[in-house]
There are 2 protein chains.
Amino acid sequence: MIKRTKGVTISQVADAAGVARSSVSRAFTRPDMLSPETVTRIMKAAEALGYVPNHTARALSTGRHGNVGLIVPDIANPFFPPLIQAAQLEADRSDFCIFLGNTEENPKQEDKLVGRFAGQVEGLVLASSRLSDERIRAHAGQLPLVLINRDIDGIPRVLIDSGSGVREAVEHLAKLGHRRIVYVSGPSNSWSNKQRRTAIKAAASRLDIVVETVPAVLASYNSGRNAVSAILATGATAAVAFDDLTAQGVLAGLSEKRVSVPGDFSLIGCDDVLGAVTYPALTSVSNRSTEAGRVAVSLLLDMLQSRAIRDVRYVLETHLVVRNTTAAAR
Amino acid sequence: MIKRTKGVTISQVADAAGVARSSVSRAFTRPDMLSPETVTRIMKAAEALGYVPNHTARALSTGRHGNVGLIVPDIANPFFPPLIQAAQLEADRSDFCIFLGNTEENPKQEDKLVGRFAGQVEGLVLASSRLSDERIRAHAGQLPLVLINRDIDGIPRVLIDSGSGVREAVEHLAKLGHRRIVYVSGPSNSWSNKQRRTAIKAAASRLDIVVETVPAVLASYNSGRNAVSAILATGATAAVAFDDLTAQGVLAGLSEKRVSVPGDFSLIGCDDVLGAVTYPALTSVSNRSTEAGRVAVSLLLDMLQSRAIRDVRYVLETHLVVRNTTAAAR
DNA sequence: ACTTGACATGCAACCGGTTGCATGGAAGTC
DNA sequence: GACTTCCATGCAACCGGTTGCATGTCAAGT
């Protein structure tokens with residue numbers, strides 16, 4: 001049977017070392033204030049007793065607990081794991097821990113999580129938040145906040161500009177001779193979706209290409225698959241999907257309808273999360289999610305240190321990665 | 001400019017409501033101890049002041065902070081996100097927050113994370129821990145611990161048995177008339193690989209099927225693709241791949257060689273991480289990672305409540321998920 | 001030898017809650 | 001009407017650290 005050892009306190013160490021509690025505290029936090037001998041004596045006593053500073057108590061008196069929160073809409077979406085990983089790594093470099101929250105794409109859940117996190121993190125990163133600007137502003141009033149893929153004035157944010165990559169995608173399709181294309185859109189309250197749709201329309205109109213939008217509701221395989229009939233009905237010869245998951249769904253749907261890719265139809269995804277591991281390899285727009293995670297946390301930690309909020313707007317450009325789902329129009 | 005509102009304390013609420021601090025505390029934690037009118041008065045005052053209980057202070061005096069830690073070796077491995085998600089959901093149901101740690105497959109990093117988490121979580125789930133039994137036992141002495149995919153006596157654990165699913169895969173192929181199959185193996189030092197290979201051989205010999213092993217070196221798309229020539233050279237009519245990524249590579253390689261799946265060749269993956277989002281949909285062995293995450297957290301919360309450690313060994317069997325890459329042998 | 005100052009350490013208040021025990025008043029009992 | 005019982009509330013200690021200020025000591029400065 002395993003039994004649990006319970007907390008050794010600073011007082012016990014103080015007694016053992018024959019000093020005041022404050023000296024023990026200083027031995028751990030500002031050893032330069034004490035004579036070297038005292039420090040070693042205290043350390044030895046602490047070691048012997050197995051003393052470990054109580055994080056909670058420390059947090060209570062200092063107001064700093066060394067945690068930051070990261071809230072994402074859907075961990076299972078392959079876009080996020082690399083972002084989370086990078087965020088965690090960056091936090092770790094400064095000895096911070098990451099609280100992870102998953103909102104299931106649900107603003108209410110997100111609000112709830114922010115509230116619950118608020119008391120125990122020093123700052124928060126909201127990735128692809130589904131909250132209203134208003135709610136985000138309200139939260140930003142409570143604690144340091146950094147956004148990923150939400151563009152709100154006055155709140156530090158890291159934006160992955162999929163616009164640049166999408167523009168390249170449209171140019172790529174234009175060069176291949178496609179004159180009529182479809183944008184398979186994602187969640188309507190997603191900032192990225194808005195951004196991509198806008199970029200596509202702008203690029204297309206500049207290149208004299210007709211774009212139609214087919215909604216896929218959720219960013220998922222199934223909605224992509226279900227959108228296929230609507231896509232084909234437009235008479236387009238190519239499509240850009242909101243993300244790779246959706247694209248993969250479209251790919252499946254097309255295949256079922258005996259439309260070959262890229263022979264009969266060209267398809268481009270976004271976020272480049274599946275491109276390299278599926279067949280045929282998906283042409284897609286790179287995502288930069290790793291950098292986004294790292295930069296967001298780094299920004300947040302900066303804010304915590306300087307206690308200042310700068311109006312940072314950090315933009316990461318994306319590019320088209322050409323693989324095997326695009327070819328010349330028939 | 002956004003400015004931050006700082007903490008309203010229980011004392012301020014007490015003053016505003018004209019009661020003692022303890023009453024305010026009780027209004028929030030055990031309202032039944034107070035008269036209804038007092039409670040409403042306090043609540044009204046709290047509301048007006050924007051009071052929110054300080055989580056840290058509460059944790060200090062109660063010793064319960066409502067957090068559990070989850071440590072995984074690699075968030076980016078598609079096996080884990082569903083597990084994490086499920087764990088988070090389960091924790092959430094009991095108003096617990098999840099601390100997420102990523103060890104990069106590094107035991108030292110894992111040890112460090114456990115140490116850092118220890119002070120601020122009530123319990124810990126270690127998924128596919130890379131620590132030695134000894135270290136795990138040591139940690140288990142410090143705080144409640146639940147393991148996923150590690151089998152250590154005396155420590156509650158959740159194990160995913162991929163053997164059962166692999167057995168079903170072989171039976172499925174046998175029923176379809178395949179007499180000669182290939183196992184496309186994964187990393188030689190992987191415990192799962194060993195488990196799967198063993199299960200395949202046992203099942204095959206029982207069913208009078210010939211199995212050949214083709215190594216794929218790494219569990220990846222490319223090594224799967226490169227293994228195709230060797231696979232076809234064996235004259236087999238079906239293959240089981242170490243994991244879905246490898247299977248997807250094999251699928252791509254077969255397609256390039258004009259071998260149609262499942263018409264000419266049947267293919268089964270493992271872990272079911274891609275099956276539902278690729279085309280053709282991959283027949284695969286389920287991974288149960290969602291259940292594993294949920295059960296592990298649930299077990300942990302139980303332990304926290306009952307303050308007891310039971311020697312639980314929860315085994316999750318896997319099953320074959322038949323999709324569209326398997327058919328009758330020619 | 002006396003002041004001055006630097007330095008090491010202790011004291012005690014504080015962070016913001018929780019909780020066992022004491023108290024006082026109202027209701028219930030005889 | 002006096003006595004118990006019970007309930008709502010307050011008091012104060014406590015959780016385990018941190019930190020501003022006071023104190024004591026010892027060496028350097030004159």
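Each chain gets a letter, A, B and so on, in the order its sequence line appears, and its residues count up from 1.
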- prompt: With a non-hydrogen cut-off below 4.0 angstrom, is A:Val24 in contact with a base, only sugar-phosphate, or nothing?
  reply: nothing
Rounded interatomic separation in angstrom, taking [atom1] from [X] and [atom2] from [N]:
X	N	atom1	atom2	value
A:Met33	D:dA22	CE	C1'	13 Å
B:Leu34	C:dT18	CG	C1'	14 Å
A:Asp32	C:dA6	CG	P	17 Å
A:Arg64	D:dT19	CZ	C1'	16 Å

With a 3.5 Å distance limit and no angle check, can you tell me whether [X] reaches the backbone of [Y] through a side-chain donor-acceptor pair?
X	Y	result
B:Arg150	B:Ser129	yes
A:Arg294	A:Ala87	no
B:Ser94	B:Ala91	no
B:Asn102	B:Ile75	yes

Would [X] and [Y] pass as an ion pair if we require N to O under 4.0 Å?
X	Y	value
A:Lys194	A:Asp151	no
A:Asp111	A:Arg116	no
A:Asp92	B:Lys112	yes

field: Heavy-atom protein contacts under 4.0 Å, nucleotides 11-17 of chain C, coded B base, S sugar-phosphate only, - none
entry: B-B-BBB
Between protein and nucleic acid, restricted to nucleotides 22-25 of chain C and to nitrogen or oxygen atoms under 3.5 Å apart, what atom pairs and distances do you find?
none

- prompt: Taking atom types as modelled and ignoring hydrogens, do the side chains of A:Asn67 and B:Gln120 form a donor-acceptor contact shorter than 3.5 angstrom?
  reply: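 Distance-only check passes for A:Asn67 and B:Gln120.
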message: Checking side-chain polar atoms at under 3.5 Å, does A:Ser25 have a donor or acceptor matched by the opposite partner on A:Ser22?
response: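 Side chains of A:Ser25 and A:Ser22: no pair found under 3.5 Å.
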query: Once you build an axis from the first five pairs and another from the last five of the helix from C:dA1-D:dT30 to C:dC30-D:dG1, how far apart in angle are they, to 10 degrees?
result: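 Its terminal axes enclose an angle near 40°.
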query: Using the ring of each side chain (for Trp, its six-membered ring), is B:Tyr51 parallel, tilted or perpendicular to B:Phe28, with breaks at 30° and 60°?
result: perpendicular
- prompt: With a 4.5 Å limit on heavy-atom distance, are the side chains of B:Gln85 and A:Glu104 in contact?
  reply: yes
